[in-house]
Structure formats: C-alpha cells, structure tokens
Peer 1: 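Structure below; questions to follow.
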Amino acid sequence: MASLAQQFTGLRCPPLSSSRFSVKPKQTQKVGAFASPIVSAVAVSNAQTKDRLELKKMFEDAYERCRTAPMEGVAFTVEDFQNALEKYDFDSELGTKVWGTVFCTDGNGALVDITAKSSAYLPVQEASIHKIKHVEEVGIVPGLREEFMIIGENEADDSLILSLRSIQYELAWERCRQLQAEDVVVKGKVVGANKGGVVALVEGLRGFVPFSQISSKSTAEELLDKELPLKFVEVDEEQSRLVFSNRKAMADSQAQLGIGSVVLGTVQSLKPYGAFIDIGGINGLLHVSQISHDRVSDIATVLQPGDTLKVMILSHDRERGRVSLSTKKLEPTPGDMIRNPTLVFEKAEEMAQTFRQRIAQAEAMARADMLRFQPESGLTLSSDGILGPLASDLPAEGLDLSDVPEAEEV
C-alpha cells in the first residue's frame, strides 16, 4: 500500500503559487485530458491559413497576368476570333435569307439552328405555300438543311421567326412569268368563285378567270374543284394580279385536233342521243349511231360516266366549239364495242391508220376522176385542189372562177 501511495504521489502537480488562479487537484486531471485536442485544432487552423494564402497569391498572379499580358500562352489569337465572328455572323434584318438545320418539330412548327445566339422558329403556317396541318407533311424533319427567310422576331425571347412560304412565293411568281413568256397551257384547279368569275390555283398561287374567258357555259358551282386548261393573260407580282383565260387554252388545244386522230377521253354524261366525252378539257359528242356498227338501244349498257376510252375525231367545228367523235370507226370487227371494248381500246391507233388510208385512197380516186377532163379543158388539178393552167399562156396562179355568172335557163 505504501508503494501504491508513492506512485499516486508522484502524479501530483506542484501548486502554482505565482498564478492568480488556484487550481484544485480535481481540475488538474481535466486540463490534462483536453490538452491534445487543442493542439490539433491549432495545427488544422494553421494549414487552412496557409492554403488560403497560396490561393490568394495564385489569384493575384492570374489577375496581374490578365492585366499586363492577357494573350500570353493563348493559342487562339484576336485574328482567329474575328474570323470566327465573320464565319458565323449573319444579317438578321427582315427579308434576309439564311441557311439553317431543323433539329426539332412539334405540332405548331419546327425549331431551326441558324448558328445565331438563339434558335429560330418556323411556324407551320410559314412552312409551305400550300395549306398543311403539320410540317412533316412537306418533308420538314430533323436533320433537314434548307434556306429560310427571316420574317420577324419573338419579343419574349429575342428568337427569330423564319419562313419557307415567302421563298416559295417568289419562286412561284418567277415560274408564272416564265410560263407566260413560253405561252404554254397549264392546269388550274378551281377553288373559289365570285360574281365575275372563278378563282383557280396554279403553281400555288390564286389567280382569277373571268366568266368571259371560260369556254363552257358551266356555272361556278359546277366548276368548283375541277381542273381547267388555262393560259396566262396577266402576271403582275407587284400588284398581286394573276389573270387566266380558259378560252385561249381551249383554242390552242382545239387547233391541234385533226380529223381522223385518236384521243383519250373520259365519259362525262349520258344522254338518250349519245355520250359527252371530255377530251383534254373539250367536250365532244359520241352520237349513239357512232358507238358501234351494231345497234345500241341503251347507251348505259355500253358506257358509264367516268369510263376512259379512245375515240376518233370525225369533225371539228371551231366556230361553234363542237367536236364529233366515233368509236364505231375503231372496231376491228362490227360489234366489238359492245362485246369486247378492251380490244377496241388496244387496236384504236391501228384501226384509225387503216381508216385514214381508206380516206386518202378515196380522195385520190376523186382527183383522178376530175383529171379525166384535163385534155379537153387544158387545166390541171394541183395537190392542193387548185385548178391551174396546163398551157403556158394561162396565168400561173390559175383561173379565178368565183366571178363566173350562174348558168341561165334557155
């Protein structure tokens, strides 16, 4: 016990007489217990302070370099920066055309990347010259690269509004001017009407066809949604005036119709006396007597509205606008139009050629009969049907028989 007491006695601290504080023996143990954490906290604080000083010095050095030598160690020069700006910079004024790539579509339009500070938007109503419900109907899908026109700016986010419709309108007007210069016949779909005429759609543009320039006597309601052959009368983009004529187009088409030629037609309507056939915008009459060599008692048993068939042109009255047609002349054997109309369709050109040859032979025989009187009259008949001189003392242009008085009875 004595030795144990001596050991505890050795652990006691001597009294601090020089201190103002008197520390009790019980508190000595507590102070000894907290001595180690305090030393550790001081060490951590010193390390943080050192890191802060090093970080502060690093920022001060970086600031000094930016102030005195900002481009030191930078491979991207000022010239490179200017070149990059010129490469991606573009004029964002209204009416400017820019190239862009579609990267997203929705029900209202498409987002387009035009390398600007923000994306541009293509509304669905500006995606096509035609009326559509979704941009994908006209091939506008992600990845498509196209030229657009800037038509506005969205004030909410400063994004640009694009249009393809405006560019297509410019191209459509240019195409109409070209077609007018070439004086060609175009097809126009009737999409509306007013008191003065009908509205037709050509090349995506709405043009006017006055009733005075429509060859048929059809009403506006009957022409609605139908296609008409048209020719350009006026093309004025500045005044947005586009005027067509159906009469001019019909006259041009009718001039190409030759007697004995075979054309493709569509049955429009049936009457007791025959069928009206549309042959490229011209209505021709296929009389019941010209349908087949065999008697046709009921036309509806042979033809129906909408049927497509080949017909031969028998006559063409341009002044009255009447065309007479025949399928009877195209029958390989009498009655084929009733029993086998497909054969008539297939053999139409061949039978028409045979018909024309027979007509030519008949005309040649008629000329030969007229030339039998040549020795007595001293006249000859030219290939054009002109009665001319056989002897050299007669005028070269032939005799004018128009003033010869009529014969009088004796």
Side-chain angles (χ1 to χ4, degrees), residues 127-132 137-139 164-165 167-237 239-258 261-269 275-286 304-311 313 316 318 321-323 325 345 348:
S128 175
I129 195 172
H130 302 285
K131 190 175 181 180
I132 59 174
E137 294 179 26
V138 289
L164 282 174
R165 180 171 172 264
I167 296 179
Q168 292 173 2
Y169 263 119
E170 290 182 355
L171 295 175
W173 279 106
E174 182 180 351
R175 177 63 176 159
C176 286
R177 287 192 293 269
Q178 180 184 359
L179 293 172
Q180 183 189 31
E182 296 174 356
D183 194 31
V184 298
V185 177
V186 298
K187 289 284 188 178
K189 183 178 181 180
V190 178
V191 295
N194 55 35
K195 293 181 179 179
V198 298
V199 178
L201 200 63
V202 176
E203 295 291 330
L205 301 176
R206 297 167 69 91
F208 184 64
V209 188
F211 281 126
S212 61
Q213 293 299 319
I214 298 177
S215 60
S216 67
K217 295 182 180 180
S218 303
T219 63
E221 291 75 14
E222 293 173 340
L223 294 174
L224 195 62
D225 294 329
K226 291 186 177 180
E227 285 191 344
L228 296 177
L230 303 170
K231 269 198 171 185
F232 291 90
V233 175
E234 183 179 359
V235 179
D236 189 346
E237 182 178 0
Q239 300 296 327
S240 296
R241 284 178 57 85
L242 195 59
V243 183
F244 303 106
S245 173
N246 172 246
R247 284 187 176 276
K248 289 186 176 182
M250 296 299 292
D252 184 74
S253 300
Q254 290 175 0
Q256 300 177 3
L257 296 179
S261 59
V262 176
V263 294
L264 192 66
T266 304
V267 179
Q268 295 296 308
S269 61
F276 284 99
I277 313 296
D278 179 12
I279 51 173
I282 304 173
N283 277 334
L285 175 63
L286 176 61
Q304 287 293 325
D307 288 351
T308 300
L309 69 163
K310 290 181 180 179
V311 292
I313 298 175
H316 181 199
R318 290 183 173 84
R322 293 182 178 179
V323 180
L325 308 173
F345 190 95

Peer 1: Only counting residues at least two apart or in another chain, list the ones meeting salt bridge (Lys or Arg N to Asp or Glu O under 4.0 Å) with Arg177.
Peer 2: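 Applying salt bridge (Lys or Arg N to Asp or Glu O under 4.0 Å) to Arg177 gives Glu237.
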
Peer 1: Rounded to the nearest 0.5 Å, how far does CD of Glu234 lie from CG of Leu242?
Peer 2: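 Atom-to-atom, Leu242:CG and Glu234:CD are 8.5 Å apart.
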
Peer 1: Heavy-atom distance under 4.5 Å between the side chains of Arg206 and Val191, does that happen here?
Peer 2: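 Side chain of Arg206 against side chain of Val191, heavy atoms only: contact under 4.5 Å found.
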
Peer 1: Within the 4.5 Å heavy-atom criterion, are Leu325 and Ile279 side-chain neighbours or not?
Peer 2: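 Yes, their side chains come closer than 4.5 Å.
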
Peer 1: Taking all heavy atoms of Val233 and all of Gln180, pick out the closest pair and write down the distance.
Peer 2: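 For Val233 versus Gln180, the nearest heavy atoms are O-NE2, 3.5 Å.
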
Peer 1: Looking at every non-hydrogen atom in both residues, tell me the closest pair between Pro229 and Val185 and how far apart they are.
Peer 2: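 Looking at all heavy atoms of both residues, the shortest contact is CB-CG1, 3.9 Å.
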
Peer 1: Nearest heavy-atom pair of Gly196 and Asn194: which atoms, and what distance?
Peer 2: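 Smallest interatomic distance, heavy atoms only, reads N-OD1, 2.9 Å.
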
Peer 1: Would you call Gln304 and Val267 a side-chain contact if the rule is heavy atoms closer than 4.5 Å?
Peer 2: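 The answer is no; the side chains never approach within 4.5 Å.
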
Peer 1: Evaluate the side-chain contact (heavy atoms from CB on, under 4.5 Å) criterion for residues Val235 and Leu179: first the C-alpha distance (whole Å), next the side-chain angles of each, then the deciding distance (0.1 Å), finally the verdict.
Peer 2: CA-CA 10 Å; Val235 179; Leu179 293 172; over 6 Å; no

Peer 1: In the structure I gave you, are the side-chain heavy atoms of Leu228 and Phe244 within less than 4.5 Å of one another anywhere?
Peer 2: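 Leu228 vs Phe244: side chains apart.
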
Peer 1: Is any NZ, NE, NH1 or NH2 atom of the basic residue among Lys187 and Glu227 found under 4.0 Å from an Asp or Glu carboxylate oxygen of the other?
Peer 2: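 No.
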
Peer 1: For the atom pair CG (Leu171) and CH2 (Trp173), what is the distance rounded to the nearest 0.5 Å?
Peer 2: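 Between atom CG of Leu171 and atom CH2 of Trp173 there are 13.5 Å.
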
Peer 1: For a 4.5 angstrom cut-off between non-hydrogen side-chain atoms, does Val243 reach Gln213?
Peer 2: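 Sidechains of Gln213 and Val243: no contact.
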
Peer 1: Any donor and acceptor pair, going by atom type alone, linking the side chain of Glu222 with main-chain N or O of Thr219 inside 3.5 Å?
Peer 2: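 The answer is yes, because a donor-acceptor pair under 3.5 Å joins these two groups.
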
Peer 1: Do you know which of Val198, Asn246, Val209 makes side chain to side chain contact (heavy atoms under 4.5 Å, CB included) with Leu223?
Peer 2: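 Testing Leu223 for a side chain to side chain contact (heavy atoms under 4.5 Å, CB included) against Val198, Asn246, Val209 leaves exactly one candidate, Val198.
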
Peer 1: How long is the gap from CZ on Phe208 to CZ on Arg241, to the nearest 0.5 Å?
Peer 2: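 So the CZ of Phe208 and the CZ of Arg241 are separated by 9.5 Å.
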
Peer 1: Shortest non-hydrogen contact from Asp225 to Lys189?
Peer 2: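 Heavy atoms of Asp225 and Lys189 come nearest at O-CE, 3.9 Å.
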
Peer 1: CG/Asp236 to SG/Cys176 distance, rounded to the nearest 0.5 angstrom?
Peer 2: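 Rounded to the nearest 0.5 Å, the CG-SG separation comes to 12.0 Å.
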
Peer 1: Heavy-atom count around Gln178 CD within 6.0 Å, excluding the residue itself: above 12?
Peer 2: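 For Gln178, atom CD is crowded (more than 12 foreign heavy atoms under 6.0 Å).
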
Peer 1: Which atom names give the shortest non-hydrogen contact between Glu203 and Ala172, and what distance separates them?
Peer 2: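 Here Glu203 and Ala172 meet closest at O-CB, 3.3 Å.
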
Peer 1: Does Ile129 offer a backbone N or O that forms a donor-acceptor pair with the side chain of Gln168 under 3.5 Å?
Peer 2: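 Checked: pair present.
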
